[in-house]
K.L.:
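Okay, handing you the structure first.
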Amino acid sequence: QVQLVESGGGLVQAGGFLRLSCAAAGSIFSINTMAWYRQAPGKQRALVARITISGNTNYADSVKGRFTISRDNAKNTVYLQMNSLKPEDTAVYYCNAQIRRQWTELTPDDYWGQGTQVTVSS
């Protein structure tokens with residue numbers, strides 16, 4: 001069994017910062033791409049940032065220059081540093097990872113965290 005455990009959400013004032021963490025635990029052979037998504041009330045879940053196993057990143061236009069995604073492969077953990085937060089960043093943030101549980105698996109499966117609430121007050 002594989003679990004993604006997120007932490008770091010909370011309430012912050014506009015202009016503030018938060019750092020989200022997501023650790024993958026369980027039977028893991030390898031992790032490919034890791035990513036953060038978010039879902040605001042009444043909206044669809046959308047990609048925030050993505051990082052490949054080699055460290056290549058891409059970001060949603062709305063967070064470029066403010067958010068930074070990183071990962072620690074030794075710890076199977078992905079981070080999202082969020083600076084200059086805005087009220088429109090308010091959402092539930094979900095961690096996503098493409099994981100192979102065994103070397104015999106040809107393609108990875110998608111796993112999701114439980115979500116962590118980020119609320120930015122104006």
Side-chain angles (χ1 to χ4, degrees):
Q1 190 74 325
V2 172
Q3 282 189 317
L4 300 183
V5 180
E6 299 152 347
S7 60
L11 172 64
V12 64
Q13 287 189 332
F17 63 91
L18 285 173
R19 189 189 194 213
L20 305 183
S21 299
C22 171
S27 176
I28 296 171
F29 173 72
S30 66
I31 303 177
N32 292 8
T33 298
M34 304 184 83
W36 289 95
Y37 288 73
R38 67 186 181 187
Q39 187 167 18
K43 296 188 176 181
Q44 289 189 330
R45 192 174 298 188
L47 177 70
V48 176
R50 177 190 291 126
I51 184 167
T52 68
I53 191 171
S54 57
N56 294 318
T57 60
N58 63 287
Y59 297 89
D61 287 343
S62 59
V63 307
K64 282 181 182 176
R66 300 187 299 121
F67 290 11
T68 302
I69 189 170
S70 61
R71 64 190 285 174
D72 184 334
N73 291 329
K75 296 181 179 180
N76 291 336
T77 299
V78 63
Y79 306 96
L80 185 68
Q81 179 67 42
M82 305 186 293
N83 298 330
S84 302
L85 281 161
K86 304 175 181 180
E88 50 264 44
D89 294 318
T90 295
V92 177
Y93 284 70
Y94 295 91
C95 173
N96 170 267
Q98 298 175 342
I99 296 175
R100 293 171 65 199
R101 296 176 58 189
Q102 299 179 22
W103 68 274
T104 53
E105 294 179 352
L106 298 180
T107 57
D109 288 327
D110 250 1
Y111 290 86
W112 292 90
Q114 79 284 1
T116 185
Q117 177 71 47
V118 171
T119 303
V120 184
S121 63
S122 57

K.L.:
Which residues pass the side-chain contact (heavy atoms from CB on, under 4.5 Å) test with Ala14, not counting sequence neighbours?
P.N.:
Pro87, Val120
K.L.:
If the threshold is 4.0 Å, N to carboxylate O, is there a salt bridge linking Lys64 and Asp61?
P.N.:
yes
K.L.:
Could you state the interatomic distance from NZ (Lys86) to OG (Ser122), rounded to the nearest 0.5 Å?
P.N.:
14.0 Å
K.L.:
More than 12 non-hydrogen atoms from neighbouring residues, nucleotides or ligands closer than 6.0 Å to CD on Gln117, yes or no?
P.N.:
yes
K.L.:
For residues Tyr93 and Arg38, is any side-chain donor paired with an opposing acceptor at under 3.5 Å?
P.N.:
yes
K.L.:
Show your working on side-chain contact (heavy atoms from CB on, under 4.5 Å) between Cys95 and Trp36 and close with a plain yes or no.
P.N.:
CA-CA 5 Å; Cys95 173; Trp36 289 95; 3.9 Å; yes
K.L.:
Verify side-chain contact (heavy atoms from CB on, under 4.5 Å) between Arg101 and Asp109, making sure each step is shown before the conclusion.
P.N.:
CA-CA 8 Å; Arg101 296 176 58 189; Asp109 288 327; 5.5 Å; no
K.L.:
Kindly write out the residues that satisfy side-chain hydrogen bond (donor to acceptor under 3.5 Å, both in side chains) with Arg71, not counting sequence neighbours, or none if the list is empty.
P.N.:
Asn73
K.L.:
Less than 4.5 Å apart, any side-chain heavy atom of Thr68 and any of Leu80?
P.N.:
no
K.L.:
Under the side-chain contact (heavy atoms from CB on, under 4.5 Å) criterion, do Ile69 and Val78 qualify, and how do the steps go?
P.N.:
CA-CA 7 Å; Ile69 189 170; Val78 63; 3.8 Å; yes
K.L.:
Would a 4.5 Å heavy-atom cut-off, applied to side chains only, mark Gln98 and Met34 as touching?
P.N.:
no
K.L.:
Please round to the nearest 0.5 Å and tell me the distance separating atom CD of Gln1 and atom CD1 of Ile28.
P.N.:
11.0 Å
K.L.:
Without hydrogens or angle criteria, can the side chains of Thr107 and Glu105 be said to hold a donor-acceptor pair below 3.5 Å?
P.N.:
no
K.L.:
Do the non-hydrogen side-chain atoms of Asn58 and Leu47 ever get within less than 4.5 Å of each other?
P.N.:
yes
K.L.:
Within the 4.5 Å heavy-atom criterion, are Leu85 and Leu18 side-chain neighbours or not?
P.N.:
yes
K.L.:
What is the minimum heavy-atom distance between Ala97 and Leu4, and which atoms define it?
P.N.:
N-CD1, 3.8 Å
K.L.:
Contact between Leu20 and Val118 at the side-chain level, heavy atoms closer than 4.5 Å - yes or no?
P.N.:
yes
K.L.:
Among pairs that include at least one residue of residues 48-85, which meet ring-ring contact (aromatic ring centres under 6.0 Å, His included), considering only residues two or more places apart or in two chains?
P.N.:
none
K.L.:
Are any non-hydrogen side-chain atoms of Asn76 and Ile31 less than 4.5 angstrom apart?
P.N.:
yes
K.L.:
Please assess Thr52 against Thr57 for the test side-chain contact (heavy atoms from CB on, under 4.5 Å), listing each intermediate value before the final yes or no.
P.N.:
CA-CA 7 Å; Thr52 68; Thr57 60; over 6 Å; no
K.L.:
Flag yes if more than 12 heavy atoms outside Phe17 fall under 6.0 Å of its CZ atom; otherwise flag no.
P.N.:
no
K.L.:
Using only atom types and a distance under 3.5 Å, with no angle test, would you say the side chain of Arg45 pairs donor to acceptor with the backbone of Gln39?
P.N.:
no
K.L.:
Tell me, do Ile51 and Thr33 make a side-chain contact under 4.5 Å, heavy atoms counted?
P.N.:
no
K.L.:
For the residue pair Glu6 and Trp112, establish whether any side-chain heavy-atom pair is separated by less than 4.5 Å.
P.N.:
no
